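Only a predicted model underlies this, so the values are computations on that prediction, with no experimental measurement involved. Every heavy atom of this structure was used, including side-chain atoms; hydrogens, water molecules and symmetry mates were not. Note that ligands are numbered from 1 as they come in the structure, with each ligand's atoms numbered from 1 the same way.
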Amino acid sequence: MTDDRAWILKVAVPIGRRRLFDYLAPEGTEPAALQPGARVRVPFGNSSKIAFLIAVSFDSEVDRAKLKSAEAILDVPSLLNATDIELLLWTARYYHHPLGEVFSTAFPVTLRRGKPALIQAEQYFGLTPEGRTANPDLLMRAPRQQCLLAWFQTQPGSFSTGQIAGQHDNWRPAVKALLARQWLEPRPPPDRIVTAMPVRTPELQANASQQTAIDAVTQALGGFRVFLLEGVTGSGKTEVYMQIIRSVLERGQQVLVLLPEITLTPQLQERFRQRFAVPVTVAHSKLTDKQRQAAWLEMQQGVCAILLGTRSALFTPLKKPGLIILDEEHDASFKQQEGFRFSARDVAVARGKMLQIPVLLGSATPSLESYYNVEIGRYQWLHLPERAGDAQPPNLHLLDIRNKRMQEGLSQPLITQIHRTLDKQEQVLLFLNRRGFAPTLICHACAWIARCSRCDANLVIHYAEDLLRCHHCGFEQGLLRHCPACKSGQLTPLGLGTERIEQVLTQLFPGKTVVRLDRDSTQRKGQLESYLEQIQQGRADIILGTQMLAKGHHFPNVTLVVLLDVDSGLFSIDFHGTEKLAQLIVQVSGRAGRAQKRGQVILQTRQPDHPLLAVLLRDSYRRFLQLALAERKAAHLPPYSFQALLRVEAAIAQEPLTFFANLDAPALAGGQVQILGPVSAPMARKAGRYRYQMLFQSAQRRPLHLFLDALTARIENLKQSRKIRWSLDVDPVDLY
Ligand code: ADP
Ligand code: ZN
Ligand code: ZN
């Protein structure tokens, strides 16, 4: 028997489908308990799943008698408020991604799995009136109690168990005893956001351009506006953030600060914690699930005022939102590249608009999109043209290596420069974006090349581990000594990786300490931190590394920065390639001479006349952006048009093509959406799967999105879709 007046729950189940599912409300559910956003445990297939309540209704397209009952509603009240839900609905629609997965992304893993939404709250204690006047001398025989009582008496207010534990050993029995004497009493947790004195340590005296930026954003608090703060590394952006945050805190509001994973260093957290008297919490991938849940709930409940987090922290509910900051806004890590492919930058701007709060984007090398938004007046540009303090900008030189004698990638003039720098007891930083020993193993006798059997890619030589490894699928095999084709012993490494450069550096500069930072050398937990410390303390002469070096870290004693090979980045097939290379050059350059010493940057190239390099060196990054924008405009590329990429892959080569034939995208496109493809992906085979893609482009956003609605609906209904894997990438930044 089903009650035909029972509520029907429309829930989003995180299973990759774009439709909602109907369930009957659990028996005895009060209408007040039915709040959108609440987690609901529902039977699904042979098990149960955690789904999200989207709406309630009396109607269902399915016969009531066939509907199952939800097992339980987990959140009363819901953990999401109306604007949180609005944001997730908007994001799902914009990226044409299944709602259940979008909701799931917004929650920390523990809550996704249905764990109760509890924070282990700290207990607080304060003195009773008797305790305040009690004489500690009475406790001569209980020194710990005496000490604790005296400590409490020196300052007003209440203290948490954490604060007490920080100052007193074995404090539990002492607290218990003082409670028994009724000198101490439990107190409710103070409202930790609203505080008259949010700043603990004095702020630096802002310079004129910093002050202009601070004033502009501070005056915009309470409404929506997007700012782009452009400032080279060391120009004092973080200081600007912190002074603006102070004003937000004074309004009793919270701040969300998003950073790329790698720049969320303990030093930065420490800087925030030292500055602010309010609680600062962090959310990144190295935390335990429990810690991440705590950070999420602390923001949701308004216990915590500042969250420093990476991309996925974007969806954290905020009780009293005041400001969103996104630092290094150009960084590729803000775009999720698998599953739910959202851009944290773009969604942050949408969120700011919904919440009617400002969004502050910061970078030394703003993205082309953000710069474009400044040009058309949508974002307000703020600029810090100089390095804060007295640090000097670095000098950039192109080093033409054509016809120069090279020792494993190092030209003679470069080696001389390195010697000079080391002789002055200064540090050298070398950048090469390729790990391993060499990217190719080739037979000198017959030209056989070691290829991955599962990808269209060469295997990379890792000598130290005696391995050949595929950097695309992780395939590994032992290093070969003889050519499998002609049996000769003439296998030769071709090209350069960090491991090989490390070896040659050790030979060229005997007695000098070389530290290599790449994904291989920093795999063990804590290894990166210990290398960074070694560098900071001056116990490294030469620092060699990949991408990892480009961001965030301060190396004050580095005065020479070298990009060993910029040419490989100049000829990318992806139109985003030049932008990324320009950003990389400027970012890596920013590592040099951050303190009082003027830095030098050397770029080794065989293309000294390349227009991109010329503009960067003779002119500025800004001038580069202007030229790049003009090129994009002429070619009708984003941001002057809108794109979406449909990726399809299957283990059987024919399946994707059959899929595209059945899909018949052109029939859905109408006149305003252009279709390019299907074509093989630039890496046509990866991990044993054949990959194809189809690019959609339109001069307007709206027709593209209407088309994508129709397209995704059609794909979900096609039988052939089950034989392939597909994904849709709206505003793709990587066309691979
Ligand atoms: P960014 O975030 O742009 O790299 P930071 O805010 O970290 O720059 O500032 C770089 C260095 O300059 C830091 O050591 C900081 O303490 C210092 N600094 C920033 N602003 C000022 C200022 N107004 N006066 C003096 N030093 C400053
Ligand atoms: Zn051979
Ligand atoms: Zn592979």
Side-chain angles (χ1 to χ4, degrees), residues 201-214 229-245 257 259-260 263-265 267-268 270-272 274-275 325-329 360-366 382-393 439 441-460 467-477 480-492 494 536 550-556 586-587 589-596 683-689 691:
T201 51
E203 296 175 333
L204 300 172
Q205 176 73 43
N207 62 33
S209 39
Q210 281 178 318
Q211 196 60 53
T212 307
I214 294 165
L229 177 63
E230 179 177 353
V232 295
T233 319
S235 60
K237 292 187 295 298
T238 310
E239 182 62 32
V240 168
Y241 300 154
M242 292 198 293
Q243 297 201 20
I244 297 167
I245 290 172
V257 184
L259 303 139
T263 56
L264 190 47
T265 56
Q267 291 95 306
L268 184 80
E270 201 38 48
R271 226 171 131 186
F272 270 75
Q274 267 173 14
R275 173 67 59 88
I325 296 174
L326 206 122
D327 190 33
E328 311 280 359
E329 64 92 27
L360 175 56
L361 310 175
S363 176
T365 52
L382 303 168
H383 192 206
L384 305 181
E386 276 145 29
R387 291 189 171 196
D390 352 300
Q392 305 242 359
L441 181 66
I442 190 169
C443 173
H444 195 56
C446 76
W448 174 89
I449 286 177
R451 303 270 295 164
C452 177
S453 59
R454 310 169 65 211
C455 306
D456 284 335
N458 294 344
L459 293 174
V460 177
L467 281 178
L468 289 170
R469 179 181 291 145
C470 174
H471 284 191
H472 302 281
C473 71
F475 169 84
E476 288 178 357
Q477 70 176 71
L480 299 169
R481 308 278 172 238
H482 292 276
C483 171
C486 74
K487 314 286 179 238
S488 83
Q490 302 198 51
L491 290 175
T492 320
L494 194 68
Q536 300 293 353
K551 310 172 195 172
H553 308 298
H554 297 211
F555 301 127
V586 178
Q587 293 281 345
S589 308
R591 305 297 120 213
R594 296 209 45 181
Q596 269 56 10
M683 182 176 292
R685 209 160 62 97
K686 186 172 166 181
R689 304 179 72 87
R691 310 160 81 223

Tightest non-hydrogen contact, residues Lys686 and Cys455, listed as CA-SG, 3.7 Å
So is Gly231 close enough to ligand 1, meaning a heavy atom under 4.0 angstrom away?
-> no
Note: Gln210, heavy atoms under 4.0 Å from ligand 1, region reported as side chain
Residue selection (non-hydrogen contact nearest atom 5 (P) of ligand 1) among Glu328, Gln243, Arg271 = Arg271
If you measure from CE on Met242 to CZ on Arg271, what distance do you get to the nearest 0.5 Å?
-> 4.5 Å
Spell out the protein N/O/S atoms under 2.8 Å from the Zn ion (ligand 2) as residue plus atom name.
-> Cys443 SG, Cys446 SG, Cys483 SG, Cys486 SG
Is the closest heavy atom of Val240 to ligand 1 under 4.0 Å?
-> no
Any N or O of Gly236 closer than 3.5 Å to N or O of ligand 1 = yes
Spacing of CD belonging to Gln243 relative to CZ belonging to Arg275, to within rounding of 0.5 Å = 6.0 Å
Show all protein N/O/S atoms under 2.8 Å from the Zn ion (ligand 3), or state that there are none.
-> Cys452 SG, Cys455 SG, Cys470 SG, Cys473 SG
To the nearest 0.5 Å, what is the distance between NZ (Lys237) and CG (Leu229)?
-> 7.0 Å
Side chain or backbone of Ser235 under 4.0 Å from ligand 1, or both, or neither, by non-hydrogen atoms?
-> both
Contact between Met242 and ligand 1, counting heavy atoms under 4.0 Å?
-> no
Among Ile245, Val257, Ile325, Asp327, side-chain contact (heavy atoms from CB on, under 4.5 Å) partner for Leu360 | Ile325
